[in-house]
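Structure, as structure tokens:
Positions are given from 1, in the same order as the sequence printed here.
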Amino acid sequence: QVQLVESGGGLVQAGGSLRLSCAASGRAFSTYAMGWFRQAPGKEREFVARISWSGGSTYYADSVKGRFTISRDNAKNTVYLQMNSLKPEDTAVYYCAAIRRPGPVVVAGEYDYWGQGTQVTVSS
């Protein structure tokens, strides 16, 4: 069992930056790959980024590539999402998720555990 708690969301102007954190409970954190998803009002939850259990492999949605960076600290049971050059279309609730399967899994339904989400709002 893995419990996930996101933090770091907020209101930021376009072009600004935010860093999201996702703290995990449980000693098995380092055996899970981690992902970030987002969901805007009226839209489906969409994949943002994923990182392997070791942190050695990352994968990004085209819409955030070059602007967002996913990282993890297994000693702190935490995964991060550094978001730079934010755009109004990045506005959404951001969720972190854990998955045991290897590979660049981008389908939300494949993930095993989810956090409650944190709101990110980017004003123009």
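Shortest non-hydrogen contact noted between Phe47 and Val106 is CB-O, 3.5 Å. Taking both residues in full, the closest heavy atoms of Ala97 and Tyr111 are given as CB-CD2, 3.5 Å, listed atom of the first, atom of the second, then distance. Counting all heavy atoms, side chain and backbone alike, Ala40 lies closest to Ala92 at N-CB, 3.8 Å. In terms of heavy atoms, Ser124 sits closest to Pro88 at CB-CG, 3.8 Å.
The salt bridge (Lys or Arg N to Asp or Glu O under 4.0 Å) search around Lys43 returns none, not counting sequence neighbours. Considering only residues two or more places apart in sequence or on other chains, Glu89 meets the salt bridge (Lys or Arg N to Asp or Glu O under 4.0 Å) condition with none of them. In this view, Gln39 and Arg45 satisfy the side-chain hydrogen bond (donor to acceptor under 3.5 Å, both in side chains) rule, not counting sequence neighbours. With sequence neighbours excluded, the residues satisfying side-chain contact (heavy atoms from CB on, under 4.5 Å) with Thr121 are Leu11, Thr91, Gln119. Take Ser123 and apply the side-chain hydrogen bond (donor to acceptor under 3.5 Å, both in side chains) test, not counting sequence neighbours, and it matches no residue. Applying the side-chain hydrogen bond (donor to acceptor under 3.5 Å, both in side chains) rule to Arg67 yields the partners Asp90; only residues at least two apart in sequence or on another chain are considered. When the side-chain hydrogen bond (donor to acceptor under 3.5 Å, both in side chains) test is applied to Asn84, the partners found at least two apart in sequence or on another chain are Ser17, Gln82. For the ring-ring contact (aromatic ring centres under 6.0 Å, His included) test, no residue two or more places apart in sequence or in another chain qualifies with Tyr80.
Applying the disulfide (SG to SG under 2.5 Å) test to pairs two or more places apart or on separate chains, those with a residue in residues 62-124 are Cys22-Cys96. Note on residues 40-75: no pairs pass disulfide (SG to SG under 2.5 Å), not counting sequence neighbours.
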Query raised in the report: Would Thr31 and Trp53 count as a side chain to side chain contact (heavy atoms under 4.5 Å, CB included) if you check the C-alpha gap in whole Å, the side-chain angles of each, and the deciding distance to 0.1 Å?
Result: CA-CA 6 Å; Thr31 66; Trp53 66 270; 5.8 Å; no
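Enclosure of atom CD in Gln3 is not indicated, since only 12 or fewer non-hydrogen atoms of other residues, nucleotides or ligands lie within 6.0 angstrom.
Residues Arg38 and Ser63 are in side-chain contact: their nearest non-hydrogen atoms beyond the backbone lie under 4.5 Å apart.
A donor-acceptor distance shorter than 3.5 angstrom exists from the side chain of Arg72 to the backbone of Ser52, with no hydrogens or angles considered.
The hydrophobic cluster containing Val120 also includes Val2, Leu4, Val12, Leu18, Leu20, Phe29, Tyr32, Met34, Trp36, Val48, Ile51, Tyr60, Val64, Phe68, Ile70, Val79, Leu81, Met83, Leu86, Tyr94, Tyr113, Val122, under a criterion of side-chain heavy atoms closer than 4.5 Å among ILVMFWY residues, counted directly or through chains of members. In this structure, Val5 shares a hydrophobic cluster with no other residue, the cluster being traced through Ile, Leu, Val, Met, Phe, Trp and Tyr side chains under 4.5 angstrom apart.
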